[in-house]
Amino acid sequence: MTEPNIFTQYLKKRNTLVKNKKILQSSYTPENLPHRDDKINEIVEIIAPSLSKDKPSNILIIGKTGTGKTAVMNYIGKELKKADPEEENCTFIYINCEIVDTPYGILYNIANQIISDPSRRIPFTGWSLDKILSELTNYIDEKNKIFIIVLDEIDRSFQKNGDDIFYYLTSINQELQNSRVSIIGITNNTKFTDLLSTRIKSRLGEEKIIFPPYSVEQLQDILYERAKDAFDDGILEEAVIPYCAALTAQEGGDARRALDLLRMSADIAERNGDSNITEAHVKSAKNKVELDAMGEIVKTLTLHSKIVLLSIIKNTEEGQSTMITGDVYSRYKYFCEAIGTPPITQRRVGDLITELDMLGIVHARVKSFGRAGRTKEIELSTPVQIVELLKSDEMFKDIEKYKPPKQTTLM
DNA sequence: TGTCCACTGGAAGGGAGGGCTT
DNA sequence: AAGCCCTCCCTTCCAGTGGACA
């Protein structure tokens, strides 16, 4: 028995509708992946030879977010480990290139998942790429087995670094005497292969596997499968899962979002102290999910990106529903002056706008206005609440009051 | 048909900040 | 301490461009 403290009442009072929260996380790998048996078999067939120390082909897996690519690979990784518990014949390594997206970071991560000897660990910065690569190659070769390296969100790293890193990794086999390395790339960019240079394309895409988006029915099955273990009978109203599935199917069949939605609905119901989960909970969850995701992104923006975003917001508030780069930049310079920070160049601001577009916070498309030039047409695509979040930023609190100093006419 | 605007986006490079090696 | 390396954020320079207008 623990001493009562300030949290005690919450521990007691909170009614839990969810038996096991972990099951509803999208990172959870379930025992059963509905509607992906065929894909699993396809991949297993390709990589099974690794268990007898034969090198499997490299694979490229293509499919939109939330189509089960990562879950399938994690599942296969687990099963592979079961088939070879001592990792005598093969080792399975998973790297998410969205989190580690530099060549150094990727090699560092691979190395430290493989290298067990602490004296040979690679420092997280300081070495040249050549040095890590040769150390890694040596270590891999000593082990005399197959290494399966999964690179998730492979396009992320590619966007920043080109394909040199993939070239290294796919050509590592030429240096090896005893071991072999297979690469499994996962991407949600269907045009990814077009971006690769020919030398990589043939190597990386020895086998290609496409993951189609889930249909409404399939999403429902997935949700039912998870709900079965996560909730007791009668907690979920009948319409909840079909509704979640329908909402997410509209947006491209992303199972991750469907799960987020269900989890958030349960959260909201719990917090309200309700005894079951209804369609209304799903509705408010939908708003919250979107807002949370956007809020996280906005919070992590760099100072200049925030100022650029604020400039776009301010212009929008003053009735300019669309604007061009020049409009944003002049407002941006004004704000920089207001908070006393030196502005960056328009060239760079152009890039920041493109980044904001990729994050889905603004819409920016290049458009020609004839004689009036060719530039980006920019439009805010963010809910109002985010705007509030940004404005509450300490840095910007006095910005409304700021008046620029009188222009002195100096040439 | 050619002009011309307001940028776009590629390329190269700098420098600060992280850290290793000798 | 000096000499490296890698990454991030930024600048400078500049050729290229879609399409309204003369």
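Naming convention: chains lettered A, B, ... in sequence-line order (proteins, then strands); numbering from 1 in each chain. Side chains included, hydrogens not; waters and symmetry mates left out as well; all remaining heavy atoms used.
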For chain A, the stretch of DNA chain B it reaches, first to last nucleotide, under 4.0 Å of its heavy atoms
dT3(B) to dT21(B)

Protein-nucleotide distance (Asp130(A), atom CG; dC5(C), atom C1'), rounded to Å
10 Å

CD/Glu45(A): more than 12 non-hydrogen atoms of other groups inside 6.0 Å
no

Are there more than 12 heavy atoms of other residues, nucleotides or ligands under 6.0 Å from atom NZ of Lys53(A)?
yes

Applying a 4.0 Å non-hydrogen cut-off, can you work out what Thr125(A) is touching in the nucleic acid: base, sugar-phosphate, or nothing?
base

Is the shortest side-chain N to carboxylate O distance from Glu135(A) to Lys131(A) below 4.0 Å?
no

I'd like a table of atom pairs between the protein and nucleotides 17-20 of chain C - only N or O on both sides, under 3.5 Å - with the distance next to each one.
from	atom 1	to	atom 2	distance (Å)
dG18(C)	N2	Ser368(A)	OG	3.4
dG18(C)	N2	Gly370(A)	O	3.1
dG18(C)	N2	Arg374(A)	N	3.4
dG18(C)	N3	Ser368(A)	OG	2.8
dG19(C)	O4'	Ser368(A)	OG	3.0
dG19(C)	N2	Gly370(A)	O	3.1

Without decimals, in angstroms, what is the distance between Ile132(A) CD1 and dC4(C) C1'?
14 Å

Atom OH of Tyr108(A) to atom P of dC6(C): distance rounded to whole Å?
17 Å

Atom CD1 of Ile344(A) to atom C1' of dC9(C): distance rounded to whole Å?
8 Å

So Lys367(A), base contact, sugar-phosphate only, or nothing? Heavy-atom distance under 4.0 Å.
nothing

Identify the heavy atoms of Val181(A) and Leu176(A) that sit nearest to each other, and give their distance.
CG2-CD1, 4.0 Å

Can you tell whether the side chains of Arg365(A) and Glu379(A) come within less than 4.0 Å, N to carboxylate O?
yes

Exercise: identify the closest heavy-atom pair between Ile277(A) and Val240(A):
O-CG2, 3.2 Å

For the pair made of CD in Glu355(A) and C1' in dC8(C), what is the distance, rounded to whole Å?
11 Å

What's the shortest heavy-atom distance between Asn58(A) and Ile183(A), and which atoms?
OD1-N, 2.8 Å

Return yes when atom NE2 of His304(A) has more than 12 non-hydrogen atoms of other residues, nucleotides or ligands closer than 6.0 Å, and no otherwise.
yes

Sub-6.0 Å ring centroid separation between Tyr329(A) and Tyr332(A):
yes

Does the distance from a Lys or Arg side-chain N to an Asp or Glu carboxylate O, for Arg331(A) and Asp327(A), drop under 4.0 Å?
no

What do the steps show when you test Arg271(A) against Asp267(A) for salt bridge (charged side-chain N to carboxylate O under 4.0 Å, His left out), and what is the final call?
CA-CA 6 Å; Arg271(A) 238 173 289 157; Asp267(A) 254 11; 3.6 Å; yes

Mind running a 4.0 Å heavy-atom check of residues 305-320 of chain A against DNA chain B and sending the residues that fall below it, in number order?
none

Calculate the interatomic distance between Leu133(A) atom CG and dC6(C) atom P; express it in whole Å.
12 Å

NZ/NE/NH1/NH2 to OD/OE distance under 4.0 Å, Arg257(A) and Asp260(A)
no

In whole angstrom, give the distance that lies between atom NZ of Lys131(A) and atom P of dC5(C).
12 Å

So which nucleotide from dC6(C), dC8(C), dC9(C) ends up closest to the side chain of Tyr104(A)?
dC6(C)

Does a nitrogen or oxygen in the side chain of Thr345(A) sit under 4.0 Å from OP1 or OP2 of dT11(C)?
yes

Considering heavy-atom distances to DNA chain B, does Gly326(A) or Arg347(A) have its closest nucleotide positioned more toward the 5' end?
Gly326(A)

